[in-house]
Amino acid sequence: MKKINFYSGPAILPQEVMEQAKEGITDFAGTGLSILEISHRSKEFVKVMEDARSLVKELMQLKDDREVLFLQGGGSSQFFMVPMNLLNTNETAEYFDTGQWAHGAMEEAKNFGHVHVACSSKADKYRHIPTQYQVSDFSKYLHITSNNTVYGTQFHWWPQPKCATVVDMSSDIFSRKVDYNRFDLIYAGAQKNMGAAGTTLVVVNKNILGSVDRKLPKMLDYRTHINAQSMSNTPSCFAVYVSYLTLQWIKKQGLQAIEERNTRKANKLYAAIDSSSLFKGTVANEDRSQMNVCFNIPSTTLPVEGGASTNLLEEKFIAFAANYGIVGIKGYRTVGGFRASIYNAMPESGVDILIEAMREFERSHA
Ligand SMILES: *Cc1c(COP(=O)(O)O)cnc(C)c1O
């Protein structure tokens with residue numbers, strides 16, 4: 001039976017993208033070769049890379065000074081590549097400490113310059129995104145994480161600093177209409193909302209580059225990849241291909257329609273949680289994520305130092321939901337509870353089945 005995939009990443013992909021990717025493995029673009037074996041310098045693959053980059057430009061309606069790159073090393077490598085390329089040792093970068101990944105990005109920046117915590121919700125176990133923050137006009141950049149994948153909070157407003165803004169959009173890229181030009185650097189590991197694991201999208205305002213004194217390793221300098229159009233070395237051909245197919249799928253639907261569907265899916269799931277006597281939401285209502293919906297069964301949850309264990313009733317629900325074909329709803333290992341990741345490719349019917357499973361379980365266990 002085809003499972004309903006609520007995993008946080010690698011995550012669900014559109015069925016038609018999967019079919020096309022399968023086709024590409026047997027016969028890529030009519031070449032008689034597999035995407036897995038064809039040269040990245042072949043005209044067919046070069047076209048995939050070029051089209052993928054221009055699809056990003058088109059979907060984000062990017063200005064001419066924005067460069068689109070497909071890099072490797074995951075979202076995590078951007079945690080250090082950003083400060084390495086932007087921050088001198090005597091300069092300060094601002095970080096919003098709003099979750100596990102945001103915190104990780106901040107820690108890496110300390111290796112390159114000064115870090116100022118503009119705000120933090122760590123003491124509140126990252127259950128909200130602070131609206132009060134302090135950002136100096138003289139800082140080099142502000143880093144935010146648009147969607148906190150682990151805790152299930154998401155920005156529904158944007159800070160407006162005088163300095164450049166860098167955003168980690170790994171888990172909500174292309175999930176909604178955003179003025180993407182307001183950010184000077186956007187990055188996202190592809191495996192959550194735009195493709196297969198192995199490539200990371202970076203969109204950078206080229207005007208912010210070239211102002212650090214340190215010597216950059218060639219492969220870690222954004223300018224290398226801008227100059228080579230992301231073909232400086234062998235790219236992750238297959239991962240880029242799957243992103244390209246997903247970008248085409250996104251274009252076909254339109255960001256507007258995708259956003260509307262994501263809102264409908266999230267609203268109905270949160271409504272089911274709010275009307276439940278068993279399941280409870282775990283984050284501040286105004287910051288709820290439309291991508292990662294976190295909830296738990298609080299009555300029997302025992303707080304565990306240094307992490308959270310899934311309680312017995314929660315374990316039971318995970319097993320119960322599996323009968324509906326539902327997989328991947330277990331919360332992050334340090335958080336516990338449940339996390340339903342309902343990215344772009346999750347159909348509304350998948351969310352409906354989860355809600356049905358929750359109601360049915362509640363009837364027998366409340
Ligand atoms: C998953 C995730 C990352 C880490 O991505 P990798 O590609 O595994 O390195 C970084 N930031 C956010 C917001 C994420 O959700």
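Every number for a ligand or one of its atoms is a count from 1 in the order of the listing.
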| Can you tell me the protein heavy atom closest to atom 15 (O) of ligand 1 and the distance? | Thr149 OG1, 2.4 Å
| request: Output yes when a side-chain donor or acceptor of His225 lies under 3.5 Å from a complementary backbone atom of Met219, and no otherwise. | output: yes
| query | Taking only residues two or more places apart in sequence, or in another chain, which ones meet Asn267 in a side chain to side chain contact (heavy atoms under 4.5 Å, CB included)? | reply | Thr263
| request: Identify the protein heavy atom lying closest to atom 9 (O) of ligand 1, giving its residue, its atom name and the separation to 0.1 Å. | output: Ser76 OG, 2.6 Å
| message | Checking one residue: Phe138. Which other hydrophobic residues are in its cluster under the side-chain 4.5 Å linking rule? | response | none
| message | So for ligand 1, is Gly75 a polar contact partner (N or O within less than 3.5 Å, distance only)? | response | yes
| note | Within 4.0 Å of some non-hydrogen atom of Gly74, the atoms of ligand 1 are 7 (O), 9 (O)
| request: Examine distances only and state if a side-chain atom of Ser364 and a backbone atom of Glu360 form a donor-acceptor pair shorter than 3.5 Å. | output: yes
| said: Quick check on Gln78 - does any of its heavy atoms sit under 4.0 Å from an atom of ligand 1? | reply: no
| Residue pair Tyr222 / Leu71, side-chain heavy-atom distance below 4.5 Å | yes
| said: If you apply the rule salt bridge (Lys or Arg N to Asp or Glu O under 4.0 Å), what do you find for Arg288 with Asp274, and how did you get there? | reply: CA-CA 12 Å; Arg288 284 174 158 179; Asp274 290 340; 2.9 Å; yes
| query | Do any nitrogen or oxygen atoms of Ser77 come within less than 3.5 Å of a nitrogen or oxygen of ligand 1? | reply | no
| Is the shortest distance from a Lys or Arg side-chain nitrogen in Asp352 or Lys268 to a carboxylate oxygen in the other one below 4.0 Å? | yes
| query | Backbone N or O of Gly189 within a donor-acceptor pair of the Thr200 side chain at under 3.5 Å? | reply | no
| query | For atom 1 (C) of ligand 1, which protein heavy atom lies nearest, and how many Å away is it? | reply | Lys192 NZ, 1.3 Å
| message | Thr145 versus ligand 1: do any nitrogen or oxygen atoms come within less than 3.5 Å of each other? | response | no
| Which residue supplies the protein heavy atom nearest to atom 8 (O) of ligand 1, what is that atom called, and how far is it? | Gln191 NE2, 3.5 Å
| Can you find an N/O atom of Asn147 closer than 3.5 Å to an N/O atom of ligand 1? | no
| remark: For atom 11 (N) of ligand 1, the closest protein heavy atom turns out to be Asp168 OD2, 2.6 Å
